[in-house]
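I have placed the structure first, in the form of structure tokens, so that the comments after it can refer back to it.
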Amino acid sequence: MTHTFDALILGGGAAGLMCAIEAGKRGRRVAVLEHADRLGKKILISGGGRCNFTNLHCQPENFLSANPHFAKSALARYTPADFIALVEKHRIPYHEKTLGQLFCDRSARDILAMLEAECRDAGVRIFLGTRVGQVERTQAKEFIVRAAHDEFRAPALVVATGGLSIPKIGATSLGYDIARQFGIAIRAPWPALVPLILSPEDRSRHCDLAGVSTEIVASCAGQQFHEKMLFTHRGLSGPAILQASSYWDKSQPIVIDLAPGLELTAAFRESSRTASTTPTPTPRTLATLRAELRKFLPHRLADRWLDLHPPTSWTNHALAEFETKLHAWPISPSGTEGYEKAEVTAGGVDTAELSAKTMEGRKVPGLYFIGEVVDVTGHLGGFNFQWAWSSGAAAGRSL
């Protein structure tokens with residue numbers, strides 16, 4: 001059967017649904033083609049099932065792209081406040097968790113139900129279980145999308161197929177394949193916001209600490225992230241590590257400050273001891289240093305750190321070296337946990353190929369790319385959803 005529309009949107013995730021809503025509101029006849037048996041699978045698992053749907057402090061600086069200016073236009077024209085207004089229109093209760101991150105009080109299902117309701121109100125047709133087999137563009141500049149039993153035609157095609165992350169819920173390379181088919185450049189994708197795997201040597205030293213969490217500053221490629229780190233059975237995770245992973249490559253270490261803003265050896269240094277008003281200076285022994293570290297670090301981590309990095313002596317110089325190591329622990333991971341555990345895919349369709357205002361391809365009029373398939377990757381904390389809403393709205397308003 002052949003279906004004719006004004007616009008076809010490949011992918012029923014966050015970006016695709018927002019694009020469909022905005023285009024439908026403008027009177028366009030829109031179809032969303034989703035290969036899965038339901039919409040928004042990634043929405044449903046996000047934020048531990050609560051959907052961290054945006055961030056109050058969203059700025060272009062919270063995004064990684066070969067062109068750091070590309071996202072500015074879309075982000076300015078559909079803001080967190082715009083999405084919050086939609087959430088409040090549907091009376092969805094939400095809260096700020098930390099650092100501007102907004103979550104549903106109840107469930108991510110509330111956000112998906114809201115998007116589905118908006119699609120219905122805008123007259124959007126949804127085709128589930130529709131696996132795209134072939135895409136072509138006719139001489140009449142009409143796009144044809146062929147699925148197993150149906151053919152879809154429209155003058156506009158929006159690719160909102162996401163990246164390669166979390167293949168178990170259906171991630172594929174379709175978006176990149178379509179871009180290449182039409183001669184549109186791709187920046188090599190890589191797993192981002194992903195746990196790191198330590199080298200065998202570091203695993204033997206640290207991975208029995210699995211489950212231990214502590215506040216750190218992780219530095220990588222000029223970026224710094226002050227959040228929690230978690231030891232795992234294979235390496236490191238937690239918000240600070242996930243953030244740094246997006247910027248890491250094997251040519252450089254990640255530098256970890258285990259005691260941000262603290263000076264843990266101050267009481268043991270000579271100047272502090274002689275100036276102390278306490279009658280008895282702190283004894284300079286491993287036991288007392290261990291007790292001091294345990295005040296600020298998880299006990300198992302404090303003990304392990306001291307076992308692996310004891311001060312070479314009790315001179316001020318040796319104590320300063322010990323302190324420096326605490327604040328600048330270089331880690332050279334052997335790799336990442338890959339797309340299976342990556343929250344997003346970095347890289348993607350080269351932004352130089354797209355209009356920053358409409359997301360339309362410069363070489364192929366009528367062909368749009370939005371959301372994660374584009375080379376714009378947000379930090380952890382609701383920024384990738386905001387990019388989905390903003391880029392989807394930009395395309396939808398131009399269809």
Side-chain angles (χ1 to χ4, degrees), residues 1-24 26-37 39 119 123-164 167 170-189 345 347-375 388 391-392 394-399:
M1 178 181 285
T2 299
H3 308 269
T4 302
F5 293 90
D6 296 323
L8 303 174
I9 299 174
L10 306 185
L17 293 176
M18 177 57 73
C19 180
I21 291 163
E22 290 295 319
R26 299 177 70 245
R28 303 298 184 263
R29 294 173 302 122
V30 181
V32 174
L33 312 186
E34 169 56 51
H35 73 270
D37 58 358
L39 297 171
C119 280
V124 175
R125 292 278 307 278
I126 306 289
F127 293 83
L128 298 175
T130 302
R131 198 168 288 274
V132 173
Q134 186 180 10
V135 176
E136 64 181 77
R137 189 169 183 249
T138 68
Q139 289 186 335
K141 299 182 179 177
E142 180 181 56
F143 290 95
I144 302 174
V145 176
R146 292 190 174 89
H149 304 293
D150 295 279
E151 181 178 282
F152 301 86
R153 292 173 172 259
L157 178 66
V158 182
V159 179
T161 50
L164 301 172
T172 74
S173 64
L174 177 62
Y176 310 129
D177 298 339
I178 292 171
R180 292 188 185 100
Q181 176 185 337
F182 288 98
I184 292 172
I186 301 287
R187 290 196 168 267
T345 304
V349 174
D350 193 333
T351 57
E353 300 274 11
L354 306 177
S355 160
K357 184 177 180 183
T358 66
M359 305 292 131
E360 187 175 17
R362 297 184 186 280
K363 294 175 182 172
V364 188
L367 180 61
Y368 299 74
F369 293 85
I370 59 175
E372 190 179 345
V373 74
V374 178
D375 176 32
S391 60
R397 290 168 177 175
S398 70
L399 290 172

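All values below come from the heavy atoms of this structure, side chains included, with hydrogens, waters and symmetry mates left out. Predicted, not measured: the structure shown is a model, and the values here were computed from it.
- Salt bridge annotation for Arg362-Glu353: absent, with no cationic side-chain nitrogen under 4.0 angstrom from a carboxylate oxygen.
- Side-chain contact between Ser398 and Tyr368: present, with at least one pair of heavy atoms (C-beta onward) separated by less than 4.5 Å.
- Distance check, rounded to the nearest 0.5 Å: CD1 of Ile144 to CG of Leu8 gives 10.5 Å.
- Looking only at distances, no side-chain donor or acceptor of Arg187 sits under 3.5 Å from a matching main-chain atom of Thr351.
- For the pair Arg153 (side chain) and Thr2 (backbone), a donor-acceptor distance under 3.5 Å is absent.
- Proximity of Leu367 to Leu157: side-chain heavy atoms (C-beta onward) are separated by under 4.5 Å at one or more points.
- We find the CG-CD1 distance between Leu17 and Ile126 to be 6.0 Å, quoted to the nearest 0.5 Å.
- Considering all non-hydrogen atoms of both residues, Pro189 and Leu164 come closest at CG-CD1, 4.2 Å.
- The closest donor-acceptor contact from the side chain of His3 to the backbone of Asp150 lies at 3.5 Å or more, if one exists at all.
- Residues meeting the side-chain contact (heavy atoms from CB on, under 4.5 Å) test with Lys141, sequence neighbours left out: Arg137.
- Ala394 and Met359 get closest at one heavy-atom pair: CB-CG, 4.3 Å.
- For the pair Asp6/Leu399, no side-chain contact is recorded, criterion being any heavy-atom separation below 4.5 Å from C-beta on.
- Evaluation of the side-chain contact (heavy atoms from CB on, under 4.5 Å) rule for Ala352 yields Asp350 as partners, not counting sequence neighbours.
- A donor-acceptor pair under 3.5 Å is formed between the side chain of Glu34 and the backbone N or O of Gly12.
- No donor-acceptor pair under 3.5 Å is formed between the side chain of Ser173 and the backbone N or O of Asp177.
- Side-chain atoms of Val124 and Ile21, non-hydrogen and from C-beta on, never get closer than 4.5 Å to each other.
- With sequence neighbours excluded, the residues forming a side-chain contact (heavy atoms from CB on, under 4.5 Å) with Thr130 are Leu33, Phe127, Ala147, Phe152, listed by chain and number.
- In terms of modelled atom types and a separation under 3.5 Å, the side chain of Arg28 and the main chain of Ala7 share no donor-acceptor contact.
- Side-chain atoms of Val159 and Val135, non-hydrogen and from C-beta on, never get closer than 4.5 Å to each other.
- In terms of heavy atoms, Ala20 sits closest to Cys119 at CB-SG, 4.4 Å.
- Not a single donor-acceptor pair under 3.5 Å links the side chain of Thr161 to the backbone N or O of Leu10.
- Atom NZ in Lys363 sits 10.5 Å away from atom CG in Leu354 (nearest 0.5 Å).
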